[in-house]
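Since we're looking at a predicted model, the values are computed, not measured. As a basis for the values below, the full set of heavy atoms in this structure was taken, side chains included, without hydrogen atoms, waters or symmetry mates.
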Amino acid sequence: MKKWRMQKLFVGLFCFALLAGACNSKGDSSVGPNTGAGPEPTNSTVLNISGNPTNNAPPDGATERNIELASALRSFADCSALLNYLRTETTERVGPYGLQDRHQPYFGFDVAQDDAAVELVTESAPVQADVGTSSESSAASSDGTFSTTNVQVAGVDEPDLIKTDGNRILAIANQHLHYVDLSGTEPAYRGSVKLNEKGWGGQEILVYGDWALVMSKAPPISGSTEDFWFTGNESALVQQVDLSNPAAMQVVATLNVEGQYLSARSVGNIAWLLITSNPLQFEFVYPSGPSAEEVAERVNKEIAASADLDAWLPAYSLERSGQSTTGLIPECTNLYTPPDFSGFNVLTVLAVDMSQPLALGDSASVLADGHTLYSSGEAIYLAESKPIRSDENDRLAQTTRSISQWRSDWLTTVHKFSVSTSRGVSYEATGEVYGHLLNQFSMDEHNGYFRIATTIGEPWDTRNSQSQVVVLAQQGRQLAIVGSVGGLGRGERIYSVRYMGDVGYVVTFRQVDPLYVLDLSDPTNPTVSGELKIPGFSNYLHPLSDGLLAGIGQQADNQGRTLGTKVSLFDVSDPANPTELDFLVFPNSHSEVEWDHRAFLYWPETEMLAIPLNEYERFFPEPIIDSAPADSTDSTDTADNISIPTTQDAFSGAVVLRANRNGVEEIGRITHLTNMARFADYNPPIQRLVVADEALWSLTNHAIQANHLESLEYETHFVFPSS
């Protein structure tokens, strides 16, 4: 492989001298791209994208969009074809000042059924899933004596700060992985291992047997190898830790990949990591003035037309057993591109076998963006929401600088990958729906159908917005719309979504919280079964037993002003008549559950809910709830009997609740009292809660503590070493 970046440097130095001197003469025409650049497009058709398959018209408030339909994502026969394609696309977009539209607005692209599409070719053997034995099982399974990470899909584990299998607790705090042994008569802290100091931005773990994978974002990797240069972009860092000796745990291997680590999922011993990369760092030249622009553009096109694959594909470095290997991912035949150019971002699904020494497994990539991950265990869906450019938007952008006058429609693109544990990773299909996505809970797969909830309208202005749930089915390489239900929460946006088989729950909010219950039993005709409007909103919904649904969010007054964390208990046993059975409000507070579902704990054996909670000590204004101000000491909504005090003491810890058909009640609180030199009587925030060894364990960044599961009385407290 050529050291293309060094070659560019010499070209650049030469051209700077050239452009600074006699650059008034007109140069030759720019160098064109190589021929045979990529896959040939199939016959095209003109179609509309619509959230309403019955009339094929865009939803209310969305601009109708007609675009040329070519084919689904396509792969390349070999590295030569891929390289020619990348050179061509780059050369066409290079100007005198470099790749000016690297972050160009998103236009979106249509996909068609393409049964003859090229199948993904994997050159390495697919990693095989080991269902495991009783002594080597995934942390996502439980025998009912310990809790697991609160995941979206049962059996599909998600990385987190803490993992337990009932015999041990593994937790990340202060860039260390800590080990608490629960196998003896009393819990014992066995030790910790310092993780790579370069890991930052949310370290989290997956565990299988005596191996742990620690994933995190990391600073740029730079430098050179015999074959290529690392570009100095942000990297994804994966560290493998040997847990076999708890007192002497070791980081035995590290993997750096150019790009940003987004998330991961695992089933059994197979983990799938999602990494988004944009390694472009061409050393383009720049003209000294307008007269030199033509020469600069020609030179820049020459640089782009002669670059090698490492100019576009992310590089990796794997260190294990004292040896280091480097390379590029993915394999050339495993990179897919859309028919319409959608940028140079490389979105990769990378498989790792957690039961073996760290190594690169199968991977598949798409030349597109995607930042939201949903996995059913057999498929991974990667979604990205971006604005659609339209002629009207262009006109407004040219005539005004006020964002309030600039109108945009949004489109969500979804790429489906098969992640069968026996057949590796492969691209399946792509689809699009109007609107923008909230989070992973907006997506779901059930009985072969994919459901997705979006809000149509601008994220920063909900005056003309509405929400919808769209049902798609795979047809060849297309995720085709087969049904939809819209008109949800007009003038509002989605705050939470939860699917439970043939039923869906959607919460929208602006001033009040409509909870919609959806009947999804007929994928071609989803309908609204029932609706409930109450103050406040739920950011997270969790199904309980006996037809109950818990909601964690914020209480709000009639003006939409938030008042504090609200725990709602909904009775959804009658889909046509959902009711709020009971609720609790914790004034002037927030809970991490509102933005991270993994902080939520539900222990059905005792009907217990536990959430981190932070309440602030302050005097806050009298809330207006029932269109009238409350008195000076206590504000009450006479209709709903809400009591909101105007003063309170600070609290940082966790609140433990019991929820059943009798209602929801607080049964206790947990705090970690730490006397620190700079903070007297400091209560550090609790980040996670788990049940293990008949105790409720709470994790902070400083310690882990056990309280009796029933009485909540203090039992054990392990302070983590500071270094």
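Atom CH2 of residue Trp595 and atom CD1 of residue Ile552 lie 12.5 Å apart, to the nearest 0.5 angstrom. Residue Lys533 holds its NZ atom at 15.0 Å from CD of Glu580, rounded to the nearest 0.5 Å. With rounding to the nearest 0.5 angstrom, the CG atom of Asn707 is 7.0 Å from the CD atom of Glu715. Distance CZ/Arg493 to CD/Glu458: 14.0 Å, rounded to 0.5 Å. Here the CG-CE distance, from Asp444 to Met500, works out to 9.5 Å after rounding to the nearest 0.5 Å. If you take CD on Glu607 and CD1 on Ile667, they are separated by 10.0 Å, rounding to the nearest 0.5 Å.
A salt bridge is absent between Asp181 and Arg168; no separation between the charged side-chain nitrogens and carboxylate oxygens falls under 4.0 Å. The pair Glu158-Lys163 does not count as a salt bridge, with every side-chain nitrogen at least 4.0 angstrom from each carboxylate oxygen.
A cation-pi contact links Arg669 to Phe651, judged by a cut-off of 6.0 Å to the six-membered ring centre and 45° from its axis.
Using a 4.5 Å heavy-atom threshold, the side chains of Val471 and Pro526 count as touching. Residues Leu601 and Leu696 form a side-chain contact, since some pair of their non-hydrogen atoms from C-beta on lies under 4.5 Å apart. Pro459 has its side chain within reach of Trp410: a pair of non-hydrogen atoms, C-beta onward, lies under 4.5 Å apart. Contact check for Ile380 versus Leu382: side-chain heavy atoms found under the 4.5 Å cut-off.
Residues Thr455 and Ser467 bring a donor and an acceptor atom of their side chains to less than 3.5 Å of each other. Between the side chains of Tyr540 and Asn150, at least one donor N or O lies within less than 3.5 Å of an accepting N or O. Residues Gln203 and Gln175 bring no donor and acceptor atom of their side chains to less than 3.5 Å of each other. At a cut-off of 3.5 Å, with distance as the only test, a side-chain donor of Arg265 or Gln440 sits close to an acceptor on the other residue. Using a 3.5 Å distance cut-off with no hydrogens or angles, the side chains of Glu615 and Ser589 do not pair a donor with an acceptor. Side-chain contact check for His178 and Tyr189: at least one donor-acceptor pair (N or O, by modelled atom type) lies under 3.5 Å. For the residue pair Asp546 and Asn660, no side-chain donor N or O sits within less than 3.5 Å of a side-chain acceptor on the partner. A donor and an acceptor atom, one from each side chain of Thr412 and Glu384, are nowhere located under 3.5 Å apart. Donor-acceptor pairing under 3.5 Å is recorded for the side chains of Ser652 and Asn614. A side-chain donor from one of Tyr616 and His590 sits under 3.5 Å from a side-chain acceptor of the other. Residues Thr454 and Gln468 bring a donor and an acceptor atom of their side chains to less than 3.5 Å of each other.
Ring centroid separation for the pair Phe720 and His176 does not come in under the 6.0 Å cut-off. Two rings, from His717 and His672, have their centers less than 6.0 Å apart. A ring-centre distance under 6.0 Å is found for Tyr381 and Phe450.
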Side chain to side chain contact (heavy atoms under 4.5 Å, CB included) evaluation trace for Thr372 with Leu437: CA-CA 8 Å; Thr372 306; Leu437 200 68; 3.7 Å; yes
Between Glu204 and Arg598, is the salt bridge (Lys or Arg N to Asp or Glu O under 4.0 Å) condition met? List the steps. CA-CA 11 Å; Glu204 52 189 25; Arg598 297 170 299 180; 2.9 Å; yes
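Ring-plane geometry between His542 and Phe600 is classed as tilted, the angle between the planes lying from 30 to 60 degrees on a 0 to 90 degree scale.
In this structure, the side chain of Tyr499 engages the main chain of Ser442 through a donor-acceptor pair within 3.5 Å. Side chain of Ser216 to backbone of Gly202: no donor-acceptor contact under 3.5 angstrom is found. A donor-acceptor pair is defined here as one N or O able to donate and one able to accept, closer than 3.5 Å; no such pair exists between the side chain of Ser538 and the backbone of Leu541.
Nearest approach of Ala556 to Leu563, heavy atoms of both residues: C-CD1, 4.0 Å.
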